[in-house]
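Comments concern the structure below.
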Amino acid sequence: MFSNSIIAQRHIARATERKIDAIEFEMSRDIVKTRPPTVTKTDLMNPPAEVPSKKNPPVEFQTTMPLTLPTDYLLGQNSEMSGSAVAHSESVPLLEEAAILFASGQAEVAEQMLVAAVHQELGDATEIGWQMLFDLYRIGNHQHKFESLSLDYANKFETSPPLWPEVLNNTDQDVDNRSDNTMANISFPAKLDAGIVKVLEKIQNASAKSRSLRLDFIRVKEVDPIGCGLLLRAFKNLKKSGHDLILIGAKDLSDKIRAILLVGRRDETEAPWLLLLEILQLLHFEQAFEEVSMDYCITFEVSPPSFEAPKNNITSSFPEINNEEEAASDSFLMPKVVEGKTEFLLQGIAEQAESQNPLILDCSRLERVEFGASAQLLNGLAPIAGKSGMNIRFENVNYLVMMLFHAMGLKNIASIIVRKH
């Protein structure tokens, strides 16, 4: 009876492993189907005949446009400015040009233009120019220039100027890693089972484009052996490829895996045990790893595996409670700088839009949007804004970014609410 029981357990374990193999096979076959056809030397020697087609005329994109909207719409209802900041529309292109120069990395030229602008009469748009210059000094960490400008501002407007932030965000460097728009942000669903195939496909696609991945396990509430086996293989592949990982909620995930294990009980597969050991190694929890490895050794009567610190960069430094609050938040936190390719950033925004309306994009940390990236942002947000009943709001936007968004036409698809100083 004892030997029959062992044979039965082995059959179940093999069946489970075959299920995991079959799922991985289907994933790899789907990826092969979606790859573009390879161009051979013969194809280059014999190009296909061109089929005449009607081409759409190129769309003329106007980078700057006259500011004709009231301040309440442009700056948002929280603005402390009085009157219409756009009374003299002929003066606004000067500020738009300064914003575009700053977005293009020409901060010094933008500063010279704004310094000249604030000493001109721009009508009710004058104060926007001052606030843009304050933002430029704050972002560039030019405190002396900021304080000098504050004195001039107080004399001109006879009111309190913006204050230099006494406490700069020293933790921004850590948060920047989390919000890097060149990094793929991939969240796992509430149940870690065979249904994570689509998530793993995203990881495979993203790993081909980015050397860093952010894997979020905060929403995982349940785990099963097949899901553990699939995730274990994904981790091993990422370890071999040397990808840097940021793991969010991994400690909680390890606790959930541990909850379904029992020392001495051989389940249908070893995958949950091996995944737990893999996560503990990734988190550098050597003592916990040693304890679990002994339990694994007793359960399966094998030699305990040895601890091997990961060679790739693994980060799990963000407090779990903060990430839970962020996950429950109704806003999407924009990164400090948006530049280069924005596909991963837009992917995260699109996922947020699936469950949130209005879609609130929190720009409290956003300092600069690259000129080219702003065009990508416009093209990426337009389909989201086109959905029935969808509203998009940029909140806590600094004045330089606000004026850039206006020049690029983002004001036509989203509300732009400027931050208070």
Side-chain angles (χ1 to χ4, degrees), residues 20 24 27-28 31 171-190 192-193 196-220 223 227-258 271-289 292-293 305-324 326-327 333 335-336 340-345 347-348 351:
I20 297 173
E24 276 207 331
M27 287 174 56
S28 60
I31 291 174
T171 58
D172 274 356
Q173 185 175 0
D174 290 336
V175 182
D176 284 344
N177 292 330
R178 178 182 62 185
S179 304
D180 184 2
N181 59 300
T182 64
M183 180 184 299
N185 298 288
I186 299 171
S187 299
F188 281 77
L192 194 74
D193 57 9
I196 66 171
V197 170
K198 292 184 178 179
V199 179
L200 298 181
E201 288 176 350
K202 287 183 180 179
I203 292 177
Q204 287 183 334
N205 293 331
S207 63
K209 302 176 182 177
S210 174
R211 298 297 301 172
S212 301
L213 302 175
R214 177 179 183 265
L215 306 181
D216 190 339
F217 301 101
I218 288 178
R219 291 187 290 178
V220 176
V223 297
C228 289
L230 291 170
L231 181 58
L232 174 63
R233 296 186 183 188
F235 272 140
K236 288 184 175 180
N237 290 333
L238 291 171
K239 181 188 290 186
K240 289 180 182 178
S241 58
H243 279 76
D244 296 333
L245 302 178
I246 293 180
L247 305 178
I248 307 301
K251 173 63 171 59
D252 287 344
L253 176 61
S254 67
D255 292 340
K256 290 178 176 61
I257 298 172
R258 193 189 297 261
W273 286 91
L274 297 176
L275 176 61
L276 177 58
L277 291 170
E278 186 70 26
I279 292 174
L280 294 176
Q281 284 190 124
L282 293 174
L283 296 177
H284 296 270
F285 291 168
E286 187 170 358
Q287 183 176 352
F289 177 91
V292 174
S293 66
S306 57
F307 181 84
E308 295 180 5
K311 296 180 180 179
N312 47 335
N313 185 20
I314 309 297
T315 306
S316 183
S317 59
F318 311 117
E320 304 293 333
I321 184 170
N322 289 346
N323 286 286
E324 289 176 359
E326 181 184 340
L333 183 64
K336 192 173 183 178
K341 294 182 179 180
T342 61
E343 54 184 307
F344 292 134
L345 175 65
Q347 179 183 343
E351 291 176 357

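Position 1 is the first residue of the sequence, and the numbers go up from there. Fair warning: this is a prediction, and the values are worked out from it, not measured in the lab.
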Which residues pass the side-chain contact (heavy atoms from CB on, under 4.5 Å) test with [X], sequence neighbours left out?
| X | value |
| --- | --- |
| Gln347 | Lys202, Phe344, Glu351 |
| Ser293 | Leu277, Phe289, Glu290, Pro304, Pro305 |
| Glu308 | Gln281, Ser306 |
| Ala208 | none |

Minimum heavy-atom distance [X]-[Y], with the two atoms named:
| X | Y | value |
| --- | --- | --- |
| Ser212 | His243 | N-CD2, 4.5 Å |
| Lys256 | Val223 | O-CG2, 3.8 Å |
| Leu213 | Ala206 | CD2-CB, 3.9 Å |
| Leu283 | Ala250 | CD2-CB, 3.9 Å |
| Ser187 | Arg219 | CB-NH2, 3.2 Å |
| Ile257 | Cys228 | CG1-SG, 4.5 Å |

Heavy-atom side-chain contact between [X] and [Y] under 4.5 Å:
| X | Y | result |
| --- | --- | --- |
| Ile203 | Leu200 | yes |
| Leu192 | Leu253 | yes |
| Leu276 | Arg258 | yes |
| Leu280 | Val292 | yes |
| Val220 | Pro189 | no |
| Glu343 | Lys209 | yes |
| Asn237 | Lys239 | no |

Could you walk me through whether Ile186 and Arg214 pass side-chain contact (heavy atoms from CB on, under 4.5 Å), step by step?
CA-CA 6 Å; Ile186 299 171; Arg214 177 179 183 265; over 6 Å; no
Any residue meeting ring-ring contact (aromatic ring centres under 6.0 Å, His included) with Phe217, in chain and number order, not counting sequence neighbours:
Phe188
Please determine if Asp255 and Lys251 form a salt bridge, counting it only when a charged side-chain N lies under 4.0 Å from a carboxylate O.
yes
[atom2] on [Y] to [atom1] on [X], rounded to 0.5 Å:
| X | Y | atom1 | atom2 | value |
| --- | --- | --- | --- | --- |
| Leu274 | Ile279 | CG | CD1 | 11.5 Å |
| Ile218 | Asp216 | CD1 | CG | 4.0 Å |
| Leu215 | Leu238 | CG | CG | 7.0 Å |

